[in-house]
Amino acid sequence: MIKSSFSKQALRMVSTTHFGSKTVPVDQKAKLVGHVFSSVASKYDLMNDIMSLGIHRLWKDHFINKLDPGMRPGSNEPLNFLDVAGGSGDIAFGILDYAKTKFGDIQSTMDVVDINPDMLKEGERRALDQGRYFEDPRVRFMVQDGENLDSIESNSKDVYTVSFGIRNFTNIQRGLETAHRVLKPGGIFYCLEFSKIENPLMDMAYQQWAKALPVFGSIVANDYDSYQYLVESIERFPDQETFKSMIQDAGFQAAGYESLTSGICAIHWGIKV
Amino acid sequence: MLRMFNTVTLKTVSCRSSNAMRMNFVQPNRGIVLAAAVTATLVDLIGGRQATMANAMERGELHNKNVDYETEKEERMQRRINSLKNTRPMTPNYEGHIPLYTTEKALLFAISGLRSFFHPENGLNIVQLGEATAWPIFLESMKRTMLSDPTGRRILRERPNVTTQQLEMDHLAEYPKGSFGYQFYTWCKRENVSPDTRAPVSYIDDPLHAYIFKRYRQCHDFYHALNDMPIVIEGEITVKALEAANMGVPMATLGAILAPLRLKPVQRKRLYDIYLPWAIRTGLTCKPLINVYWEEVLSMDCNDLRKELGIVLPPDLRNVRAERKEKIRELNLKYKKLKEESTNL
């Protein structure tokens with residue numbers, strides 16, 4: 001009796017989570033995920049292009065257009081955006097460009113946050129190369145854990161975006177609760193992530209593609225493990241309805257989703273009241 | 001009905017109306033539209049959403065309160081993840097092993113071959129091409145070479161790994177000047193390389209073959225140092241030719257044949273006249289270099305080691321290149337002076 005309760009206590013102390021399909025202790029996962037992204041940081045765009053055959057650009061464009069971000073012309077208070085796990089900066093810069101083009105908004109601020117410094121460096125380098133948003137007082141690049149966001153004050157953000165990043169969180173519900181904390185009342189949680197494919201034909205095609213992808217990654221990019229992890233993490237992410245209920249559990253209202261390309265990825269949103 | 005399927009023709013109907021322009025547009029054949037509508041209805045009746053739900057209801061699966069949706073979702077996810085994990089032809093035989101199917105190996109060969117030809121300076125391409133061409137027939141022959149020699153057998157038994165730590169590179173600086181260890185240390189410092197830069201083996205299936213290939217890859221620098229070859233492209237080609245002649249490494253053979261074609265004519269002439277003949281002659285006559293326990297001969301004198309192996313040094317490649325550069329510099333200087341004198345006249 002005593003022996004069994006000791007072992008149960010021991011099991012409870014070392015709680016595990018999944019890393020792809022390996023079961024690892026919780027504190028290990030962040031490190032292993034970090035390693036995946038360090039090794040792919042410089043070729044992240046190439047990897048995205050290979051994985052989605054370039055369609056990810058269409059998804060991200062639709063994501064930004066649907067959000068319609070920007071301080072409206074009659075308003076006198078700039079917006080505060082937060083892009084989480086957006087190290088490479090494509091959504092962050094896309095939002096700022098859209099706001100400037102459509103509304104002439106050059107005042108809204110953007111915090112680009114990522115747990116991996118290499119990805120963040122890639123984003124800053126991209127800002128430097130394109131000549132915009134580098135050493136710009138509007139744009140801050142910070143290394144933060146999406147589940148804590150220690151440097152972000154509560155009730156301070158108008159829009160929280162996360163694009164293809166939330167599936168890498170160790171504890172997704174905790175990430176959603178942190179999003180709820182940092183958003184102002186009336187703020188929008190806006191997430192783009194892989195999801196369950198609804199069309200069976202598309203699903204069959206995707207499964208074959210997912211089986212072939214790690215080998216391609218190994219031959220072309222010399223990185224079998226990263227692609228294997230990515231494909232398995234996509235599989236482990238909850239489907240559209242489950243994720244919507246997780247968003248509601250975190251306290252968001254008016255949660256909803258839109259499936260893109262018959263469910264390969266989905267945009268989820270929720271509003272903090 | 002059959003007639004409609006057989007005689008599928010498109011009738012063009014010209015628009016009678018306007019005086020401005022006469023449009024010719026194609027009106028779809030009523031037969032095709034009807035056939036498509038009938039097929040769609042039939043397919044929907046048999047396999048459409050309402051039909052599948054009705055079938056599920058009849059089987060008792062639709063409104064079943066006993067179904068545990070959570071477990072079903074978990075099981076579905078597990079099944080899909082298992083199918084993603086079981087894509088390889090066999091379980092890994094060693095740490096870092098990525099088993100490939102034959103078609104994938106052919107793809108690896110094609111892609112790395114093309115990339116190595118256009119970008120041989122990228123080490124990754126050469127590494128992949130090396131593994132793609134390391135066929136079992138060659139590795140078996142290497143294994144037999146190693147097994148037929150006592151030192152080779154000891155290497156296979158002890159499986160030494162060449163790293164900076166294991167070699168104790170810092171101590172090598174204190175070795176006597178003529179020793180191989182000191183020669184290796186100065187060569188590494190001069191070329192700015194370290195023994196740690198060798199990539200791990202991933203695509204070779206048999207673990208012993210994988211070790212032999214790893215050992216071959218790690219000893220490459222020792223061959224450079226022993227023959228005092230710099231890591232410029234000519235030096236690399238020479239050492240590759242030496243390896244090809246001595247051990248029959250397929251990738252080295254490919255490299256030695258194809259790589260000189262991308263060089264400047266002067267470099268090619270140098271290779272074909274002096275260094276490649278030297279490499280082939282040495283490789284064919286000296287002892288199998290894979291059987292040398294490099295870690296143990298570090299303290300040996302260089303000349304003694306070379307005599308034991310049967311190697312005679314070629315002309316120093318660095319000196320030959322430097323001499324040519326010097327001659328060109330003198331030529332330029334001479335003509336610069338001549339031009340100045342002719343303008344002053």
Side-chain angles (χ1 to χ4, degrees), chain A residues 17-23 39 42-43 46 50-51 167 194-246 262-264, chain B residues 43 47-49 52 69-90 92 94-116 119 122-132 198-204:
Chain A
T17 179
H18 54 79
F19 175 71
S21 43
K22 289 191 260 191
T23 305
S39 76
S42 57
K43 299 171 287 180
L46 177 66
I50 293 175
M51 260 177 59
R167 75 173 184 281
F194 289 110
S195 206
K196 178 161 171 280
I197 299 178
E198 283 142 12
N199 183 328
L201 281 174
M202 186 77 92
D203 191 31
M204 283 199 290
Y206 167 76
Q207 277 197 289
Q208 296 312 312
W209 173 241
K211 285 189 203 174
L213 194 61
V215 180
F216 276 128
S218 159
I219 293 178
V220 172
N222 198 38
D223 202 348
Y224 182 86
D225 294 322
S226 296
Y227 286 86
Q228 182 73 6
Y229 165 75
L230 280 161
V231 163
E232 286 176 5
S233 71
I234 292 173
E235 210 50 61
R236 288 210 172 248
F237 193 71
D239 63 14
Q240 282 91 327
E241 282 291 338
T242 317
F243 191 50
K244 174 178 152 191
S245 50
M246 284 168 83
S262 66
I264 297 183
Chain B
V43 168
R49 195 166 302 180
T52 32
Y69 290 109
E70 286 302 316
T71 338
E72 265 191 19
K73 264 199 282 193
E74 279 287 320
E75 281 174 10
R76 174 186 174 271
M77 183 176 74
Q78 258 326 105
R79 254 182 290 132
R80 287 168 70 102
I81 290 188
N82 284 341
S83 82
L84 284 176
K85 278 198 290 182
N86 300 336
T87 57
R88 304 287 92 226
M90 62 182 102
Y94 52 89
E95 178 83 33
H97 181 206
I98 300 174
L100 291 180
Y101 287 101
T102 322
T103 40
E104 290 168 347
K105 286 190 183 161
L107 193 68
L108 176 71
F109 175 72
I111 293 184
S112 60
L114 280 169
R115 285 167 109 194
S116 301
H119 289 284
N122 187 350
L124 177 68
N125 301 339
I126 302 287
V127 153
Q128 283 189 335
L129 183 61
E131 289 187 35
R198 296 295 145 190
V201 176
S202 335
Y203 302 118
I204 296 177

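Proteins come first, then strands; the chains are lettered A, B, ... in the order of their sequence lines, and each starts at number 1.
- Under the 4.5 Å side-chain criterion, counting only non-hydrogen atoms from C-beta, Met51(A) is in contact with Leu230(A).
- Counting heavy atoms from C-beta on, the side chains of Tyr227(A) and Val220(A) never come closer than 4.5 Å.
- The contact between Val231(A) and chain B is made by backbone and side chain atoms together, counting heavy-atom distances below 4.5 Å.
- For Glu198(A), the side chain to side chain donor-acceptor pair (under 3.5 Å) criterion is met by Gln240(A), Ser259(A), not counting sequence neighbours.
- Panel note: side chain Glu232(A), backbone Ile81(B); no donor-acceptor pair is recorded below 3.5 Å.
- A salt bridge is defined here as a Lys NZ or Arg NE, NH1 or NH2 lying under 4.0 Å from an Asp or Glu carboxylate O, and Arg76(B) with Asp239(A) fails to meet this definition.
- Only the side chain of Ile111(B) comes within contact range of chain A, with heavy atoms under 4.5 Å apart.
- Contacts of residues 96-106 of chain B with chain A at a heavy-atom distance below 4.5 Å involve Ile98(B), Leu100(B), Glu104(B), listed in sequence order.
- No other option in Pro214(A), Ala212(A), Ala210(A), Ser218(A) has as many heavy-atom pairs under 4.5 Å with chain B as Ser218(A).
- At least one donor-acceptor pair under 3.5 Å links the side chain of Asn125(B) to the backbone N or O of His119(B).
- Shown here is Tyr94(B), whose OH atom has more than 12 heavy atoms of other residues, nucleotides or ligands within 6.0 Å.
- For Ser112(B), no part lies under 4.5 angstrom from a heavy atom of chain A.
- No side-chain donor-acceptor contact under 3.5 Å links Gln78(B) and Glu74(B).
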